[in-house]
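Just so we're on the same page: letters track the sequence lines, and every chain starts at 1.
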2 protein chains.
Amino acid sequence: MNVVTDTESKETSATHGAYLKLRDLILTGELPPGEKLKIEQLRKLLQTGASPVREALSLLTSDMLVERIDQRGFRAAPVGKANFEEILMLRCTLEEAALRASIQNADAAWEDQLVLRHHHMKRANARKSTDFEDAHKAFHMALLDNARLPMLTRYCSQLYDLNIRYRYLAAGGPSYQKRDIAAEHQSILDAALDRDADAATAHLIEHYQRTGEYLSSLMKA
Amino acid sequence: MNVVTDTESKETSATHGAYLKLRDLILTGELPPGEKLKIEQLRKLLQTGASPVREALSLLTSDMLVERIDQRGFRAAPVGKANFEEILMLRCTLEEAALRASIQNADAAWEDQLVLRHHHMKRANARKSTDFEDAHKAFHMALLDNARLPMLTRYCSQLYDLNIRYRYLAAGGPSYQKRDIAAEHQSILDAALDRDADAATAHLIEHYQRTGEYLSSLMKA
DNA sequence: ATGTCAAATAATATCGATATTTTTGGAGAT
DNA sequence: ATCTCCAAAAATATCGATATTATTTGACAT
């Protein structure tokens with residue numbers, strides 16, 4: 001690293017920083033689906049060397065956000081209706097399993113976390129804060145975390161990100177169609193606090209299916 | 001690459017070669033769980049540079065076969081009963097979904113594939129061929145491939161590999177306790193050919209649970 | 001005009017060296 | 001003896017340069 005500690009917090013390695021930045025660029029659509037990702041171009045954009053860029057792209061490959069064609073470099077993963085619907089299906093299957101396990105492990109500390117995350121999400125939404133996306137993910141992940149199944153949690157997190165990408169692409173930004181999302185979140189929260197696994201999972205899946213059908217209807221083929 | 005084309009087939013990039021070799025070393029336990037993976041050491045072992053090794057390790061991180069501690073290098077992923085049981089649970093959940101989707105898309109070409117893979121597996125087993133592991137995986141993946149859900153298929157493949165690692169670790173090699181595995185495979189195959197999704201998934205899950213309980217009983221904590 | 005092949009160009013993949021960080025080991029103080 | 005701190009050693013992460021491979025371009029033949 002250089003003499004001066006960067007203005008921006010560079011707490012972690014260059015590789016990790018590049019990973020986070022590139023992921024954000026792809027999720028938000030600033031690097032559109034199918035775009036060729038040239039090392040040199042990204043190297044300049046991220047102000048770093050070729051090795052960290054290359055490693056970050058390798059990691060994103062495993063997140064299914066980047067495609068690698070051997071000896072022919074990297075490109076942003078393509079999108080499509082079939083892919084979107086597979087993501088939706090996997091989310092319903094995996095998040096149901098995770099939420100049920102979470103509720104089985106329910107305790108007071110977890111309930112506190114849920115209430116807190118839900119509150120922060122509402123707060124961010126009211127202020128139209130750009131942090132809403134983060135808070136929304138934090139709430140959904142809090143629902144699942146208590147399962148204490150790290151791999152399952154990781155899959156759900158990955159799939160969440162893949163899904164959010166479609167939302168950005170559909171809207172040019174994170175614009176929820178203001179169906180009564182707040183009420184849906186409230187129902188999920190209430191059922192989880194009641195430790196009613198059937199109701200909670202039903203609400204959760206309904207929540208995803210609705211958003212899914214809307215986005216799916218916007219897509220061709 | 002050097003002047004002489006390697007005796008061994010080096011069809012792909014050094015990175016990909018390193019990835020496959022390292023994955024094999026970890027799956028078979030030659031690189032035991034928790035082992036520190038030093039770049040220099042692997043560089044010499046694989047006869048390649050630091051960059052391909054590093055990239056291969058990054059990829060294996062996403063396969064959950066390698067753990068990365070930032071600024072502190074890589075190590076082979078640890079193992080444990082909880083991890084094993086999570087893998088087992090996820091396999092049951094995901095493979096059931098995949099097999100049901102596969103059967104829904106059933107056609108003659110798929111049935112042919114199944115029969116063929118099953119035959120090859122039996123053949124490899126009879127000859128006590130070391131290819132049995134590959135043939136076994138090929139049969140199981142053939143059951144799922146017809147779902148045409150690439151992400152789901154990929155998860156299942158990943159989880160299959162994670163599971164096989166425990167088998168190697170438990171036995172020092174791929175030794176199935178000779179319960180009547182052949183009969184179990186036959187039941188799954190027959191049900192799939194009958195397009196009986198309920199029976200096929202029941203047999204499949206039973207197949208996993210049995211192996212799982214046996215391996216789980218061998219593990220501490 | 002069009003298709004083919006070869007040279008020129010551009011991009012990737014890999015290497016070797018350096019800078020940074022972590023870990024180790026030992027001297028001195030309590 | 002044990003703990004703390006600092007220097008030495010080792011390992012990681014990163015950079016810059018080179019070799020390799022893919023792509024483009026344009027000349028030539030059909």
S.K.: Nearest whole angstrom, please: distance from the P of D:dT14 to the CG of A:Leu46.
M.R.: 13 Å
S.K.: Looking only at the side chain of B:Arg72 (C-beta and beyond, no hydrogens), which of the listed nucleotides C:dT14, C:dT23, D:dC15 gets closest?
M.R.: C:dT23
S.K.: Rounding to an integer number of Å, can you tell me how far B:Asp70 CG sits from C:dT22 P?
M.R.: 9 Å
S.K.: Would you say D:dT14 has OP1 or OP2 under 4.0 Å from some side-chain N or O of A:Thr48?
M.R.: no
S.K.: Any chance the side chains of A:Gln158 and B:Tyr155 put a donor and an acceptor closer than 3.5 Å?
M.R.: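 Indeed, the side chains of A:Gln158 and B:Tyr155 share at least one donor-acceptor pair under 3.5 Å.
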S.K.: Please state how far atom CZ in B:Arg43 lies from atom P in C:dA13, giving the value in whole angstrom units.
M.R.: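 It works out to 21 Å between those atoms.
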S.K.: A:Leu57 CG to C:dA11 C1': how many Å, rounded?
M.R.: 14 Å
S.K.: Considering only side-chain heavy atoms of B:Ala14, which listed nucleotide, D:dT14, C:dA11, C:dT14, is closest?
M.R.: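 Nearest to the side-chain atoms of B:Ala14, counting from C-beta on, is C:dT14.
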S.K.: Are B:Met89 and A:Leu149 side-chain neighbours, meaning at least one heavy-atom pair lies under 4.5 Å?
M.R.: yes
S.K.: Heavy-atom distance under 4.5 Å between the side chains of A:Asn105 and A:Trp110, does that happen here?
M.R.: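 No; the side chains remain at least 4.5 Å from each other.
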S.K.: Of the nucleotides C:dC15, C:dT14, D:dT14, which one has an atom closest to the side chain of A:Arg54?
M.R.: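 Comparing C:dC15, C:dT14, D:dT14 against the side chain of A:Arg54, the answer is C:dT14.
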S.K.: What integer distance in Å separates B:Lys44:NZ from D:dA11:P?
M.R.: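 One finds 9 Å between P of D:dA11 and NZ of B:Lys44, rounded.
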S.K.: Indicate, with a heavy-atom threshold strictly under 4.0 Å, whether B:Leu37 touches base, sugar-phosphate, or nothing.
M.R.: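 Since only primed, P, OP1 and OP2 atoms lie under 4.0 Å of B:Leu37, the category is sugar-phosphate.
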S.K.: Using whole Å, report how far CZ of A:Phe74 lies from P of C:dA11.
M.R.: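 The distance from CZ of A:Phe74 to P of C:dA11 comes to 15 Å, rounded to the nearest Å.
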S.K.: Where the side chain of A:Lys36 is defined as all heavy atoms beyond and including C-beta, which of C:dA11, C:dA13, D:dC15 is the nearest nucleotide?
M.R.: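 That would be C:dA11.
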S.K.: Checking side-chain polar atoms at under 3.5 Å, does A:Arg127 have a donor or acceptor matched by the opposite partner on A:Asn125?
M.R.: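 The criterion, which ignores hydrogens and geometry beyond distance, is not satisfied for A:Asn125 and A:Arg127.
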S.K.: Where the side chain of B:Ser13 is concerned, which of D:dA13, C:dA13, C:dC15 is the nearest nucleotide?
M.R.: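 For the B:Ser13 side chain, the nearest candidate turns out to be C:dA13.
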S.K.: Atom CD1 of B:Ile39 and atom P of C:dT14: how far apart are they, to the nearest Å?
M.R.: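 The answer, rounded to whole Å, is 15 Å.
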S.K.: Taking for each residue the nucleotide of DNA chain D with the nearest heavy atom, is it A:Gly49 or B:Lys38 whose nucleotide lies nearer the 5' end?
M.R.: B:Lys38
S.K.: For the pair made of CD in A:Gln41 and C1' in C:dA11, what is the distance, rounded to whole Å?
M.R.: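 Atom CD in A:Gln41 sits about 12 Å away from atom C1' in C:dA11.
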S.K.: Below 4.0 angstrom from OP1 or OP2 of C:dT14, is there any side-chain N or O of B:Thr15?
M.R.: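 Yes, because at least one side-chain N or O of B:Thr15 sits under 4.0 Å from OP1 or OP2 of C:dT14.
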S.K.: Quick one: pull up CG in A:Leu37 and CG in A:Leu25 and give me the separation to the nearest 0.5 Å.
M.R.: 9.5 Å
